[in-house]
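The structure appears right after this line, and notes come after that.
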Amino acid sequence: MRGCLFAVILVVACATVAAADSYDDAVSALLRGDKARAVRLFRPLAEEGLARAQSHLGEMYRTGQGVPQDYHEALMWYRKAAEQGDTGAQYKLGLMYYFGQGVPQDYQEALKWYRTVAEQGFARAQFNLGLMYHEGKGVSQDYQEALKWYRTAAEQGFPSAQGGLGLMYHEGNGVSQDYQEALKWYRAAAKQGLSQAQSNLGVMYYLGQGVSQDYIRAHMWYSVAAAALSGDNGITAIKYRDIVASRLSTAQIRKAQEMARRCQKTKFKQCD
């Protein structure tokens, strides 16, 4: 009897090792760009119930890597992984409901999944939850709740949340208007390359909010932001950079441009 029990344990252990090896092989194939092989390796593991493989397979269907893009198939695999507690799959389910990918757009369902992951400390979900409260999507607009989730994510170093927190202090939404606090959070986000925060720093230097009015630094931050922003935000950054330029001498513009180049070259570490 003892021998039979040992044999069963040995078979289970070997199967576990084999599954781990197959999963590692699938991840390796994905990293080296062999998407078709990754799908072939993830699929049997996913069908056996391995949550990590289900989550990967869902992502590959959502983005069309190694398989034709199929939101319905992605949703199925994400849901299987999410129900086993896979935080990545839970977050992606939130995204799919938010954008209406494979399902009718449903902010309430997106909010549910974001909250599930946010409460586990996932900064990106915390930011998204804060954004939904900020904009009143799926819930009544609630600046205090938005502030809470932005701060939670910002203190983990998530740049979009830092920028959002800066904006709330800048505009006085859910909190007393505080330019110094806005400046602090904009700087934190700008140093991580968040272009909208860089543009907002341009605003603060241009208007002298929380800092001494400084057109050279305003020009510099607008230039840095304009180089990365696109669409209407990019056009706005260029517009205000040019307005600032009209207040500067040629020498001052050259200085601002040199500061912008140094800021970009040092990956936003040397910008002031």
Side-chain angles (χ1 to χ4, degrees), residues 12 15-16 18-31 35-140 142 145-146 148-150 152-161 164:
V12 171
T16 302
D21 287 344
S22 295
Y23 176 80
D24 291 342
D25 288 345
V27 172
S28 295
L30 187 61
L31 292 175
K35 309 294 176 57
R37 176 172 170 75
V39 169
R40 288 198 302 273
L41 292 171
F42 280 135
R43 190 180 301 281
L45 297 173
E47 289 170 349
E48 290 168 12
L50 186 66
R52 293 178 298 168
Q54 292 168 342
S55 186
H56 273 295
L57 197 55
E59 181 68 4
M60 298 188 83
Y61 273 108
R62 187 177 75 90
T63 56
Q65 298 182 67
V67 288
Q69 189 178 55
D70 186 330
Y71 288 144
H72 293 287
E73 193 76 7
L75 199 76
M76 180 193 76
W77 289 113
Y78 280 147
R79 195 177 299 282
K80 287 178 181 293
E83 288 170 353
Q84 294 192 67
D86 186 280
T87 55
Q90 290 169 341
Y91 175 71
K92 292 297 173 62
L93 270 182
L95 282 181
M96 295 191 78
Y97 277 107
Y98 186 88
F99 291 108
Q101 296 175 332
V103 287
Q105 189 176 54
D106 187 335
Y107 289 143
Q108 290 284 346
E109 196 68 11
L111 196 80
K112 180 189 87 174
W113 287 109
Y114 285 156
R115 188 182 299 281
T116 297
V117 188
E119 289 174 349
Q120 297 178 67
F122 195 70
R124 188 176 294 274
Q126 292 166 346
F127 166 71
N128 285 358
L129 195 56
L131 187 63
M132 293 187 78
Y133 277 106
H134 193 168
E135 297 179 345
K137 290 183 175 178
V139 287
S140 298
D142 187 334
E145 194 71 11
K148 168 195 166 180
W149 288 111
Y150 280 160
T152 303
E155 288 174 351
Q156 292 192 65
F158 191 69
S160 295

Listed partners of E47 passing side chain to side chain donor-acceptor pair (under 3.5 Å), at least two apart: none
Can you tell me how far the CZ atom of F122 sits from the OG1 atom of T116, to the nearest 0.5 Å? 13.0 Å
Closest approach of L75 to G102 (non-hydrogen atoms, all atoms of both residues): CD2-O, 4.2 Å
Interatomic distance, CG@L45 vs CZ@R52, rounded to 0.5 Å, equals 9.0 Å
Residues in side chain to side chain contact (heavy atoms under 4.5 Å, CB included) contact with S28, at least two apart in sequence or another chain: R32
So, do Y61 and L57 sit near enough that their side-chain heavy atoms are less than 4.5 Å apart? yes
Which residues pass the side chain to side chain contact (heavy atoms under 4.5 Å, CB included) test with Q105, sequence neighbours left out? Y107
Do side-chain atoms of Q90 reach the backbone of W113 as a donor and acceptor pair under 3.5 angstrom? no
Measuring only between side-chain heavy atoms, which start at C-beta, is R62 closer than 4.5 Å to Y78? yes
Between the side chain of Q65 and the main-chain N/O of L30, is any donor-acceptor distance below 3.5 Å? no
Closest non-hydrogen contact found for Q126 with G121 is NE2-CA, 3.4 Å
Set of side chain to side chain contact (heavy atoms under 4.5 Å, CB included) partners for Q84, sequence neighbours left out: A51, Q54
Not counting sequence neighbours, which residues clear salt bridge (charged side-chain N to carboxylate O under 4.0 Å, His left out) with E135? List them please. K137
Could you pull out all residues at least two apart from V27 that satisfy side chain to side chain contact (heavy atoms under 4.5 Å, CB included)? Y23, L31, F42, H56
Write out all pairs satisfying salt bridge (charged side-chain N to carboxylate O under 4.0 Å, His left out) with one or both partners inside residues 115-130, taking only residues at least two apart or from two chains. none
Any residue meeting salt bridge (charged side-chain N to carboxylate O under 4.0 Å, His left out) with E145, in chain and number order, not counting sequence neighbours: K148
Fit a plane to each ring of F127 and Y150, take the angle between them on a 0 to 90° scale, and name the class: parallel (under 30°), tilted (30 to 60°) or perpendicular (over 60°). parallel
Does any pair with a residue in residues 74-100 pass salt bridge (charged side-chain N to carboxylate O under 4.0 Å, His left out), and if so which ones, sequence neighbours excluded? E59-K92
S55 and A81 have their tightest heavy-atom pair at N-CB, 3.8 Å
So the salt bridge (charged side-chain N to carboxylate O under 4.0 Å, His left out) pairs with at least one residue in residues 66-76 (sequence neighbours excluded) are none
Least distance between heavy atoms, A110 atom then G94 atom: CB-O, 3.4 Å
Closest heavy-atom pair and its distance - A38, A29: N-CB, 3.9 Å
Who passes salt bridge (charged side-chain N to carboxylate O under 4.0 Å, His left out) against R43, sequence neighbours left out? none
What's the shortest heavy-atom distance between A161 and A154, and which atoms? CB-N, 3.6 Å
With sequence neighbours left out, write down each residue that passes side chain to side chain donor-acceptor pair (under 3.5 Å) with Q108, or none if nothing qualifies. none
What is the distance from atom CE of M132 to atom CG of L111, rounded to the nearest 0.5 Å? 5.0 Å
Quick one: does L95's side chain get under 4.5 Å of Y114's, heavy atoms only? yes
